[in-house]
Amino acid sequence: MPTHYDADLRLFINGSWRIGEDRHPAGVINPATGETIAELPLATAADLDEALASADKGFQTWRAMDVEARGAILRKAATLLRDRTEAIATLLTLEQGKPLAEARGEVSSSATLFDYCAEEAKRAYGRVLIRPTGQRSIVIKQPVGPVASFTPWNFPVYLMAKKLASALAAGCSVIAKPPEETPGCTSALMQCLIDAGVPANVIQLVFGVPDMVSRHLIGSRIIRKISFTGSVPVGKHLMKLAADGAKRVTMELGGHAPVLIFDDCDLEKTLDMVVPQKFRNAGQVCVSPTRFYVQQNIYDAFVKGFAARTTNVTTGSGLDAETKMGPLANARRPAAIGALVDDARAKGARVLAGGNRGDHGYFFQPTVLADVPQEADIMSNEPFGPVAVCRPFESFDEAIEQANRLPYGLAAFAFTENGRRANLLGDAIESGMVGINTFAISTPDSPFGGVKESGFGSEGGPEGMESYFVTKAIHQA
Ligand code: NAD
């Protein structure tokens with residue numbers, strides 16, 4: 001298994017890899033140590049113009065290709081991803097910090113997205129309308145055009161794969177701007193697509209200063225759709241830029257997932273599921289379970305069990321086999337999470353586990369806060385880190401009210417053995433995804449996206465593919 005950083009960081013534009021030359025460099029940091037491990041060339045305006053012109057040409061080539069042929073290339077890319085899992089997962093862990101087992105899982109889940117989309121694109125059926133004899137009216141679907149996709153650092157391979165798989169399967173060309181924190185693993189994904197036979201011009205890979213790149217690409221008439229995963233403020237900013245060109249958007253933004261724990265759940269089993277999920281990827285997951293509302297009569301047992309299991313979560317380098325939780329992904333995160341924990345503590349929350357930064361790298365201890373007052377910032381601002389906040393509730397209605405109290409609605413979870421209650425919960429919770437007695441809410445065949453300020457549109461499933469098509473009605477008398 002490779003254990004060192006082995007990536008040649010470049011841009012992929014107009015069918016060729018571009019090295020540093022006179023481009024401004026940015027450091028790539030291993031978050032477990034805080035050390036700079038590589039330098040990344042950042043795209044210039046001229047690079048972006050070349051990528052745009054190339055994507056424009058690539059769209060014409062790719063849309064004309066038979067859907068079976070496109071699907072065969074995407075399936076080959078899936079196979080290459082699986083073959084290269086160890087190398088890609090190692091880059092992912094070194095750049096982002098997550099334990100190697102999670103990184104391997106991310107690569108293999110990414111492969112399933114290409115397989116799924118290769119099949120699903122064949123089912124982009126249109127309609128034939130009923131008309132008098134001799135006349136025809138048909139509705140067809142066509143790829144929307146060149147897409148600009150912006151992906152974040154928490155699941156850099158999976159989220160880039162999610163956008164690329166559906167856009168490419170639908171026949172769109174793509175300019176991908178992955179996060180600058182994790183360029184090696186995302187370049188390795190791009191290399192799988194190139195090696196699988198995606199024609200030159202169809203895919204471009206650019207890194208850069210995010211605001212400069214997004215303004216440049218979204219401002220171009222060539223780009224017809226923007227897909228972004230990241231924070232709510234940046235999503236709103238990009239939607240405004242897209243509005244100037246009346247461009248389509250898919251926005252997968254933040255959440256603040258509530259978890260409703262009812263007193264009829266299997267408490268030990270629930271805790272055994274909840275704790276690893278809370279600290280998966282150090283809590284840097286848009287659907288991470290965060291606000292735990294626990295029915296009053298099991299509240300004390302729940303927080304005690306949560307804290308005991310949390311103290312057993314081993315932290316360390318993601319390359320160490322015993323590590324269950326790695327560092328946070330970048331230098332901004334420990335400070336942001338520390339401020340939220342300090343504010344909650346000052347307002348009366350009890351710290352039952354963790355609560356502090358690590359002494360090197362970008363670590364933050366797995367943390368459980370109990371009796372967190374409603375006015376604590378962390379009850380309204382997503383921690384996006386390894387912190388669970390707990391509060392008791394009395395009634396079903398109170399639990400739903402608490403779950404729905406924020407302007408976000410990405411994912412919500414509930415644990416109950418009562419089937420009728422589960423149905424009512426599913427209907428009443430305001431979120432794009434609801435997991436009842438499960439955290440498995442992200443699969444290739446199901447839509448993934450938020451309501452309220454958590455976003456716009458879905459990724460995954462036929463719904464995700466649909467967002468890369470425009471419809472056209474053709475009437476013939
Ligand atoms: P941020 O708001 O600075 O950036 C969020 C993401 O957007 C990053 O990947 C960043 O590279 C990108 N970005 C920033 N400005 C951009 C611009 N002008 N154009 C295009 N892309 C731009 O926040 P951060 O410190 O990187 O992350 C912290 C917050 O981001 C978290 O609190 C969380 O809410 C959110 N986040 C959400 C997801 C998700 O999966 N929905 C993923 C990562 C981060």
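Indexing begins at 1, ligand by ligand and atom by atom, following the structure's order.
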*asked:* Ring-plane angle category for Phe415 and Phe439, please: parallel below 30°, perpendicular beyond 60°, tilted otherwise.
replied: tilted
_Shortest protein heavy-atom distance from atom 38 (C) of ligand 1, along with the residue and atom involved_ = Phe384 CZ, 3.6 Å
For a quick test of your reading: what N or O donor-acceptor pairs under 3.5 Å do the side chains of residues 203-213 make, sequence neighbours left out?
{"from": "Gln204", "atom 1": "OE1", "to": "Asn14", "atom 2": "N", "distance (Å)": "2.8"}
{"from": "Gln204", "atom 1": "NE2", "to": "Ser54", "atom 2": "OG", "distance (Å)": "2.7"}
{"from": "Gln204", "atom 1": "NE2", "to": "Asn201", "atom 2": "O", "distance (Å)": "2.9"}
{"from": "Asp211", "atom 1": "OD1", "to": "His237", "atom 2": "NE2", "distance (Å)": "2.9"}
{"from": "Asp211", "atom 1": "OD2", "to": "Arg215", "atom 2": "NE", "distance (Å)": "2.9"}

_Asp56 bridged to Arg224 by N-O distance under 4.0 Å_ = no
*asked:* Could you identify the single nearest non-hydrogen protein atom to atom 27 (O) of ligand 1 and state the distance to 0.1 Å?
replied: Trp153 CZ2, 3.3 Å
*Do me a favour and list the nearest non-hydrogen protein atom to atom 26 (O) of ligand 1 with residue, atom name and distance?*
Arg332 NH2, 2.8 Å
_As an exercise, identify every atom of ligand 1 less than 4.0 angstrom from a heavy atom of Thr229._
39 (C), 40 (O), 41 (N)
*Counting heavy atoms only, which part of Asn154 comes closer than 4.0 Å to ligand 1: side chain, backbone, both or neither?*
side chain
*asked:* Could you tell me, atom by atom, which parts of ligand 1 come under 4.0 Å of a heavy atom of Glu382?
replied: 33 (C), 34 (O)
*asked:* Starting from atom 12 (C) of ligand 1, what is the nearest protein heavy atom, named by residue and atom, and what distance separates them?
replied: Phe228 CE1, 4.2 Å
*Quick one: do Glu398 and Arg391 make a salt bridge, cutoff under 4.0 Å?*
no
_Angle between ring planes, Phe155 versus Tyr158, binned at 30° and 60°: parallel, tilted or perpendicular?_
perpendicular
*asked:* For Arg332, is there an ion pair with Glu181 - N to carboxylate O distance below 4.0 angstrom?
replied: yes
*Counting only heavy atoms not in Lys452, do more than 12 fall under 6.0 Å of its NZ?*
yes
*Which ligand 1 atoms are under 4.0 Å away from a heavy-atom of Glu252?*
41 (N)
*asked:* When you measure from the heavy atoms of Arg333 to every atom of ligand 1, does any distance fall below 4.0 Å?
replied: yes
*Could you verify whether a donor N or O on one side chain and an acceptor N or O on the other, from Glu95 and Tyr5, lie under 3.5 Å apart?*
yes
*asked:* Out of Gly235, Cys286, Pro156, who is nearest to atom 39 (C) of ligand 1 when you count heavy atoms only?
replied: Cys286
_Checking Thr443 against Ser446: is there a side-chain donor and acceptor pair closer than 3.5 Å?_
yes
*Under 4.0 Å from a heavy atom of Leu238: give me the atoms of ligand 1 that qualify, with their elements.*
19 (N)
*Under a heavy-atom criterion of less than 4.0 Å, does Phe155 contact ligand 1?*
no
*Identify, for atom 18 (N) of ligand 1, the protein heavy atom at the shortest distance, and state residue, atom and that distance.*
Asp211 OD1, 3.1 Å
_ligand 1 versus Val285: contacting region, heavy-atom distance under 4.0 Å_ = neither
*Salt bridge flag under 4.0 Å for residues Lys162 and Glu252*: no
_atom 10 (C) of ligand 1 touched by protein heavy atom at under 4.0 Å_ = no
*Starting from atom 4 (O) of ligand 1, locate the nearest protein heavy atom and write down its residue, its atom name and how far away it is, to 0.1 Å.*
Ser231 OG, 4.1 Å
*Protein heavy atom at shortest distance from atom 13 (N) of ligand 1*: Val234 CG1, 3.8 Å
*asked:* What protein heavy atom lies closest to atom 43 (C) of ligand 1? Include the residue and the distance to one decimal.
replied: Pro152 CB, 3.4 Å
*Can you list the atoms of ligand 1 that are under 4.0 Å from a heavy atom of Leu253?*
41 (N)
*Indicate the ring-plane relationship of Phe279 and Phe306, choosing parallel, tilted or perpendicular according to the 30° and 60° boundaries.*
perpendicular
*How long is the span from the NZ atom in Lys324 to the CZ atom in Arg280, to the nearest 0.5 Å?*
14.5 Å
*Part of Ser214 within contact of ligand 1 (heavy atoms, under 4.0 Å)*: side chain
